[in-house]
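Take a look at the structure below.
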Amino acid sequence: MERDELAAGFFLIAHDEFSGKLRINRERLGYGLVAAELAQLLVAGRIALADARVVLTDSYALEPNEVDGYVLDTVQRHVSVRSVRAWTDSLAEPLYDLISRRLEQLGVVRRESGGGLVRRKPDRFPGVDLLAAARPRMRLERMIRSPREIDLPGAFTASLLWTLGVEGVLDPEIDRGAARELVRQVNEHLPADLHTVLAGARAAAEGG
């Protein structure tokens with residue numbers, strides 16, 4: 001898994017690397033996966049936003065992995081141009097399946113059925129490679145503690161956690177007041193298109 005795979009990183013941050021339990025609301029996991037994937041494709045120049053709607057670009061500098069390829073093909077096949085908010089609804093489940101399968105294939109996690117007779121519990125994804133499973137969270141926590149180390153992927157991921165209200169996945173010993181101030185500061189410097197992605201995730205989480 002490459003370091004800039006934001007959606008895979010968000011998936012791992014949302015799961016406990018030891019028990020594999022999902023540590024946030026299942027729907028918010030989906031919103032976060034879509035936002036992180038769109039942000040990754042924006043930064044890579046494979047998609048752009050035109051009037052807040054997702055469009056393809058002619059930039060394919062790198063061969064996309066299965067996850068990127070699915071999203072790009074889906075955007076290309078869709079008849080109408082859709083907003084980030086609209087894509088959040090349709091991409092959440094496919095991305096969950098694709099990303100979890102990719103992480104299994106890479107030997108980072110294994111999938112365990114959540115079970116449940118009446119109400120199915122979320123599947124668990126305990127780490128097979130514990131260091132790899134914990135790395136996205138540990139890297140983000142290090143950047144929050146040492147703001148001079150923060151980069152664009154880290155800044156976006158931190159903003160996404162706070163946007164969705166799921167920052168509780170981070171180490172409880174992190175100074176939440178200082179972290180909120182850091183997120184406020186990095187938000188001022190995020191590219192406008194990434195703000196639009198965050199706004200789409202926020203609208204989904206708020207039911208708008």
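In this text, all values refer to a predicted model and were calculated from it rather than measured experimentally.
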Practice task
Mind running salt bridge (charged side-chain N to carboxylate O under 4.0 Å, His left out) on R102 and D68 for me, showing each step along the way?
Solution key: CA-CA 11 Å; R102 175 167 170 75; D68 295 345; over 6 Å; no
Practice task
Please step through side-chain contact (heavy atoms from CB on, under 4.5 Å) for the pair D51 and V81, ending with a clear verdict.
Solution key: CA-CA 10 Å; D51 296 325; V81 181; over 6 Å; no
Exercise for the section: Test side-chain contact (heavy atoms from CB on, under 4.5 Å) on V54 and L41 and set out the steps. Expected result: CA-CA 10 Å; V54 179; L41 293 173; over 6 Å; no
Practice task
Run the numbers on V109 and L12 for side-chain contact (heavy atoms from CB on, under 4.5 Å), then give the verdict.
Solution key: CA-CA 9 Å; V109 300; L12 292 172; 3.8 Å; yes
Practice task
Let me see the working for L98 and R101 under side-chain contact (heavy atoms from CB on, under 4.5 Å), right down to the final yes or no.
Solution key: CA-CA 5 Å; L98 287 166; R101 183 166 67 241; 3.1 Å; yes
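Judged as a salt bridge (Lys or Arg N to Asp or Glu O under 4.0 Å), not a single pair has a partner in residues 154-166 (not counting sequence neighbours).
Taking both residues in full, the closest heavy atoms of P126 and F18 are given as CB-O, 3.5 Å, listed atom of the first, atom of the second, then distance. Nearest approach of G127 to R110, heavy atoms of both residues: O-NH1, 4.2 Å. For A35 against V197, the heavy-atom pair with the smallest separation is O-CG1, 3.4 Å. Listed here is the closest heavy atom pair of L164 and A205: CD2-CB, 4.0 Å. When all heavy atoms of R111 and D97 are compared, the closest pair comes out as NH2-OD1, 4.2 Å. A pairwise comparison of heavy atoms in I144 and W162 identifies CD1-CZ3, 4.3 Å as the closest pair.
How far CG of L38 is from CG of L33: 11.0 Å, rounded to the nearest 0.5 Å. Put simply, CG on L49 and NE2 on H195 are 12.5 Å apart, with the number rounded to the nearest 0.5 Å. The CD atom of E27 sits 12.0 Å away from the OG1 atom of T88 when rounded to the nearest 0.5 Å.
Annotation: side chain of L91 is in contact with side chain of Y70 (closest heavy-atom distance under 4.5 Å). Side-chain contact between V169 and H15: absent, with no pair of heavy atoms (C-beta onward) separated by less than 4.5 Å. A heavy-atom distance below 4.5 Å is not found between the side chains of V43 and F156. Looking at heavy atoms from C-beta onward, T74 lies in side-chain contact with W87 at the 4.5 angstrom threshold. Using a 4.5 Å heavy-atom cutoff, the side chains of I174 and R145 are in contact.
The aromatic rings of F125 and Y96 stand perpendicular to each other, their planes meeting at an angle above 60°, with 30° marking the opposite boundary.
Of the charged side-chain nitrogens involved, at least one lies within less than 4.0 Å of a carboxylate oxygen, so that R26 and E93 count as a salt-bridged pair. A salt bridge links R184 with E181: at least one charged nitrogen is closer than 4.0 Å to a carboxylate oxygen. Salt-bridge check for R82 with D89: failed, with every basic side-chain N at 4.0 Å or more from each acidic carboxylate O.
Taking hydrophobic clusters as Ile, Leu, Val, Met, Phe, Trp and Tyr residues chained together by side-chain heavy-atom distances below 4.5 Å, L22 does not share a cluster with L130. Hydrophobic clustering keeps M138 apart from F11 (ILVMFWY residues linked when any side-chain heavy atoms are closer than 4.5 Å, directly or through intermediates). In terms of hydrophobic clustering, with Ile, Leu, Val, Met, Phe, Trp and Tyr side chains grouped at heavy-atom distances under 4.5 Å, V55 and L72 are assigned to different clusters. No path of Ile, Leu, Val, Met, Phe, Trp and Tyr side chains, each step under 4.5 Å between heavy atoms, connects I13 with V128, placing them in separate hydrophobic clusters.
Counted within 6.0 Å of CD on E188, heavy atoms from surrounding residues, nucleotides or ligands total more than 12; the atom is thus considered enclosed.
Between the side chain of E141 and the backbone N or O of D171, at least one donor-acceptor pair lies under 3.5 Å. Here the side chain of T57 pairs a donor or acceptor atom with the backbone of G45 at under 3.5 angstrom. Under a 3.5 Å cut-off, the side chain of R53 and the backbone N or O of S80 do not form any donor-acceptor pair. A donor-acceptor pair is defined here as one N or O able to donate and one able to accept, closer than 3.5 Å; no such pair exists between the side chain of E112 and the backbone of R124. Proximity of a side-chain donor or acceptor of R46 to a complementary backbone N or O of G69 within less than 3.5 Å is not detected. No donor-acceptor pair closer than 3.5 Å links the side chain of R137 to the backbone N or O of R135.
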